[in-house]
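If you're wondering where the values come from, they're calculated on a predicted model, not measured in any experiment.
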Amino acid sequence: TLNKQKIYATSASIVCVNVNNGEILASANYPSYTMDQYEKDYSSLANDKSNPLFNRAFQGTYPPGSTFKPFVAGIGLTVNSISKGTSFYCKQHYDCLGMTFKCLHFHGTLNVIDAIAQSCNYYFFETGKRTGITTLNEYAKLMGLGVKTGVEIPESSGILAGPAFANSINVTWNPGDTLQASIGQSYNQFTPLQLATGTATIANGGTRYSTHLLREVRTSDLKTVVVKPSKQVVANTGITDEAIEVVKSGMNSAAFEGTASSVFSEYKLKVGGKTGTAEVTGKRDNGLFISFAPYKDSEIAVAINVEQGRYGYMTAQVVKDIYDEYLWINNAWEKIGTLNGN
């Protein structure tokens, strides 16, 4: 049970990544199993309908929902589809091509920072329309979405919604599909690992590193390092410095004033985040949250997906707990002022 409304989640996954080298700091799946269960009762695990043997974090693909919006904003800013000062008037209903697309709320006039904070569909419908699906997907791949991350164990490629994928399933791609893709719906399907990788790419200023589990290799006595810790640049995304700063500002506003403020409004560590609520046919919506911390000189990026979790803000508490533990492990609670850039 996620809250007093008794909304039941069936399964979940989370990934934490080192922003500055792609190292996976932690990853977890639910439902899970112990090695004792695996060795003594594998058949029960294999036949469990909840599929605890499935690595949801690396192989599960899910619609990103509104967690895709910061990436769309960064791309739009980079190619000048929008600027920091571009404002749109959200009247809740977006009319285009003889069709009407809906925002969840009437937001009035918003700039891009406000739009990220308030998760305004209207703003991103217009941004996606101006940018175009080809450009959106070109940059999304560079940021680690819809492509393999490089991790050393099996992972899914995910799906980037667009004409190429539509053609592969014999479906015609229509202009209205671009609008849905721009808010993280349509055919978009990413792994939590990809979302964590993309978030890390935003947080470090636009460089995507190969995501990896192996940190180093030592001799059997642990005294000699045979393989040293390293980092491999996969892509310099080309997302501009100004775009990065605007997106990070919007994510910071989302955490402390916007859709995740119920969790982070009084948090001592300055962070960035973005909630996501993704529609799933025939089931309750999934709840997602992406985040990075600290806001200045970021170190860690996190992505969580809770299947049938209903709302993204409900998953943000898990990420906050991770940050608490991260600060404690690194003896950093007393350095909050420095971490916040004060």
Side-chain angles (χ1 to χ4, degrees), residues 9-18 22-33 45-46 48-68 71-72 133 136-169 171 180-181 184-202 208-214 232 234-235 237 274 276 278-283 285-290 301-309 312 315:
T10 58
S11 48
S13 50
I14 192 167
V15 180
C16 307
V17 173
N18 184 320
E23 177 182 318
I24 297 171
L25 301 172
S27 177
N29 293 283
Y30 177 85
S32 188
Y33 57 90
L45 292 174
D48 190 330
K49 292 182 179 180
S50 66
N51 206 1
L53 294 174
F54 182 53
N55 187 346
R56 290 170 164 83
F58 292 5
Q59 295 178 292
T61 58
Y62 309 95
S66 293
T67 62
F68 192 45
F71 302 100
V72 174
I133 194 65
L136 286 175
N137 286 354
E138 175 187 348
Y139 279 93
K141 287 178 182 178
L142 291 173
M143 299 172 82
L145 303 176
V147 293
K148 291 187 176 181
T149 67
V151 72
E152 299 93 335
I153 63 176
E155 63 171 326
S156 296
S157 298
I159 298 169
L160 271 171
F165 180 76
N167 289 337
S168 75
I169 58 173
V171 172
Q180 293 292 352
Q185 293 293 159
S186 183
Y187 302 112
N188 281 320
Q189 297 269 333
F190 307 143
T191 65
L193 178 62
Q194 288 173 343
L195 284 174
T197 300
T199 305
T201 301
I202 290 173
R208 179 162 71 91
Y209 295 106
S210 179
T211 313
H212 59 278
L213 289 162
L214 181 65
Q232 179 182 349
V234 176
T237 62
K274 182 69 192 76
E279 296 177 0
V280 181
T281 303
K283 297 181 179 180
D285 296 344
N286 290 351
L288 303 96
F289 190 66
I290 60 171
V302 186
I304 181 172
N305 177 72
V306 178
E307 297 173 46
Q308 301 193 64
T315 68

Residue list, salt bridge (charged side-chain N to carboxylate O under 4.0 Å, His left out) with E23, at least two apart or on another chain: R215
Sub-4.5 Å side-chain heavy-atom contact between D48 and Y33: no
With Y30 via ring-ring contact (aromatic ring centres under 6.0 Å, His included) - residues at least two apart: none
Test item: N286 side-chain N/O and A278 main-chain N/O as donor-acceptor pair under 3.5 Å: no
Non-neighbouring partners of E138 that pass side-chain contact (heavy atoms from CB on, under 4.5 Å), sequence neighbours left out: none
Qualifying residues under side-chain contact (heavy atoms from CB on, under 4.5 Å), relative to D285, sequence neighbours excluded: T277, E279
Atom pair CG (N305) and CD1 (I290), whose distance is rounded to the nearest 0.5 Å: 12.0 Å
For Y139, all residues meeting ring-ring contact (aromatic ring centres under 6.0 Å, His included), sequence neighbours excluded: none
Pairs involving residues 140-150, ordered by first then second residue, that meet side chain to side chain donor-acceptor pair (under 3.5 Å) (sequence neighbours left out): T149-E155
F58 side, atom CZ; T211 side, atom OG1 - distance, nearest 0.5 Å: 8.5 Å
E152 side chain near S210 side chain, heavy-atom distance below 4.5 Å: no
Main-chain N/O of L142 paired to R208 side chain as donor or acceptor, under 3.5 Å: yes
Contact check, side chains of T199 and V302, non-hydrogen atoms, under 4.5 Å: no
Main-chain N/O of A161 paired to N188 side chain as donor or acceptor, under 3.5 Å: yes
Check: V147 main-chain N/O paired with Q194 side-chain donor or acceptor under 3.5 Å: yes
